[in-house]
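Comments concern the structure below.
In what follows, every chain begins at residue 1, and chains take the letters A, B, ... in the order their sequences are listed.
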Protein chains: 2
Amino acid sequence: MISKACQYGIRAAIYIASRHNDGIKLNIKQIACEVDAPEAFTAKILQVLNKYHIITSLKGPYGGFFIEEFQLEQPVINIVNAIDGMSVFKECGLGLKQCSASHPCPMHDQYKIARDALQNAFQQTSIRHLAMQVNEGSSFINNLVLKN
Amino acid sequence: MISKACQYGIRAAIYIASRHNDGIKLNIKQIACEVDAPEAFTAKILQVLNKYHIITSLKGPYGGFFIEEFQLEQPVINIVNAIDGMSVFKECGLGLKQCSASHPCPMHDQYKIARDALQNAFQQTSIRHLAMQVNEGSSFINNLVLKN
DNA sequence: TTTATAAAAGATGGTTTTATCCTTTATAAA
DNA sequence: TTTATAAAGGATAAAACCATCTTTTATAAA
């Protein structure tokens, strides 16, 4: 559906957003650990997210990654766009180059419903909203079940 | 969303179904040509579909691929299952190993809607239905626009 | 200004997916 | 039975994706 890079990126962004208090900056090691993603690969992905102004980074001592107030309001689809591009929301389900309502593949109508639902899922959800759920403890961004 | 192999497989199956007249058998070269897919790769894919009894093949002269009456009624999801498996309809959108209604990732609810829509698209559509559309000329399985 | 730190950038390796080629097997007609 | 044909099966190659390592750059504190 979406690439692993994109999944890591979304989880990392949500984690960074969930720690948007004070002026706290998070380093790559901690982020990768918290979202169960490979460290070096996650570093590459966060580079891209920084370039697209989805998160912000600062080099040097006391540096790291963080998210600014205005960035919290962005829809998650911005992350998908930065890493995978928008083609998954546009392309034909059967891989045809030309497929549209006026020249459809046999599955066009049914597939479009699913494709649009996917786009809505990412479009209508803000990074802030997801981070709040994580902070509330009502949802999770790693594979560690912590019972206390 | 689904692999290229699976897209080629669905297009090939629809084409074979659309030629389900008399006892006609289609060879791999013709099928690959008609659905704009690489020939050798398509051969591998049709091998799998034959193994899963989604289509039928016969070796030797006057052999080839065809589809039997009972096979026409199968839902397209059988093809997806044969080639890609069912994981795309089950797995977490953010790549978590453990993600469910009771232990959800932050996008679980929204993503599940899209994932279920995709499953429905493939589950509720029979190979026969798609082949009929192609025969009617109301939908297409290749990239060649034929105007006459 | 020097030093330590953390991300950015570049090079490289491994795995999976996509794709092709060659040999073998099954089958039908001559 | 021989021969021609077409799919099956095995080996291999190319591309894309996933992942890591090393060097460079920016920055803040001492």
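If you measure from atom CD1 of B:Ile31 to atom C1' of D:dA8, you get 14 Å, rounded to the nearest angstrom. Summarising the geometry, the separation between CD on B:Gln30 and C1' on D:dA6 is reported as 13 Å, rounded to the nearest angstrom. As a whole-Å value, the separation of B:Asn27 CG from D:dA4 P is 19 Å. Spacing between atom CZ of B:Arg11 and atom P of C:dT18 amounts to 13 Å, rounded to whole angstrom units. The NZ-C1' distance, from B:Lys25 to D:dT5, rounds to 13 Å in whole Å. Taking atom CD1 on A:Ile28 and atom P on D:dC21, their separation rounds to 14 Å, with Å as the unit. Between the NZ atom of B:Lys44 and the P atom of D:dA11 there is a distance of 10 Å, given to the nearest Å. As a whole-Å value, the separation of B:Leu26 CG from D:dA6 P is 12 Å.
Within the structure, salt bridge (Lys or Arg N to Asp or Glu O under 4.0 Å) pairs that include any residue of residues 56-75 of chain A comprise A:Glu69-A:Arg128, A:Glu73-A:Arg128 (at least two apart or interchain). For residues 39-61 of chain A, the pairs satisfying ring-ring contact (aromatic ring centres under 6.0 Å, His included) are A:Tyr8-A:Phe41, with sequence neighbours left out. For the salt bridge (Lys or Arg N to Asp or Glu O under 4.0 Å) condition, the pairs that include at least one residue of residues 34-44 of chain B, sequence neighbours left out, are B:Lys29-B:Glu39. Applying the salt bridge (Lys or Arg N to Asp or Glu O under 4.0 Å) test to residues at least two apart or on different chains, the pairs with a partner in residues 108-127 of chain B are B:Lys112-B:Asp116. Annotation: salt bridge (Lys or Arg N to Asp or Glu O under 4.0 Å) contacts involving residues 85-105 of chain B, sequence neighbours excluded, are absent.
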Name the pairs: protein N/O against N/O of nucleotides 14-18 of chain D, kept only if under 3.5 Å.
{"residue": "D:dC18", "atom": "OP1", "partner": "A:Lys4", "partner atom": "N", "Å": "3.1"}

Could you list, one pair per line, each protein nitrogen or oxygen that sits under 3.5 Å from a nitrogen or oxygen of nucleotides 28-30 of chain C, together with the distance?
none

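OP1 and OP2 of C:dA6 both lie 4.0 Å or more from every side-chain N or O belonging to A:Ser57.
In this structure A:Lys25 satisfies the side chain to side chain donor-acceptor pair (under 3.5 Å) test with no other residue, sequence neighbours excluded. Residues passing the side chain to side chain donor-acceptor pair (under 3.5 Å) test with B:Asn78, sequence neighbours excluded: B:Gln74.
When hydrophobic side chains of Ile, Leu, Val, Met, Phe, Trp and Tyr are connected at separations under 4.5 Å, A:Leu58 ends up clustered with A:Phe66.
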Side chain to side chain contact (heavy atoms under 4.5 Å, CB included) between B:Ile67 and B:Thr56, worked out:
CA-CA 6 Å; B:Ile67 193 161; B:Thr56 305; over 6 Å; no
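B:Ile45 comes within 4.0 angstrom of no nucleic acid atom, judged by non-hydrogen atoms across all strands.
A continuous path of ILVMFWY side-chain contacts below 4.5 Å connects A:Met1 to A:Val88, so both sit in one hydrophobic cluster.
Between the side chains of A:Ser138 and A:Gln133, no donor-acceptor pair of N or O atoms lies under 3.5 Å.
For the segment residues 47-56 of chain A, no residue has any heavy atom less than 4.0 angstrom from an atom of DNA chain D.
Overall, the helix from C:dT1-D:dA30 to C:dA30-D:dT1 carries an axis bend of 0° between its ends, with five pairs at each end and the value rounded to 10°.
The backbone N or O of A:Ser3 sits less than 3.5 Å from a side-chain atom of A:Asp84, completing a donor-acceptor pair. No donor-acceptor pair closer than 3.5 Å links the side chain of A:Arg11 to the backbone N or O of A:Asn142. In this structure, the side chain of A:Asn50 engages the main chain of A:Ser57 through a donor-acceptor pair within 3.5 Å.
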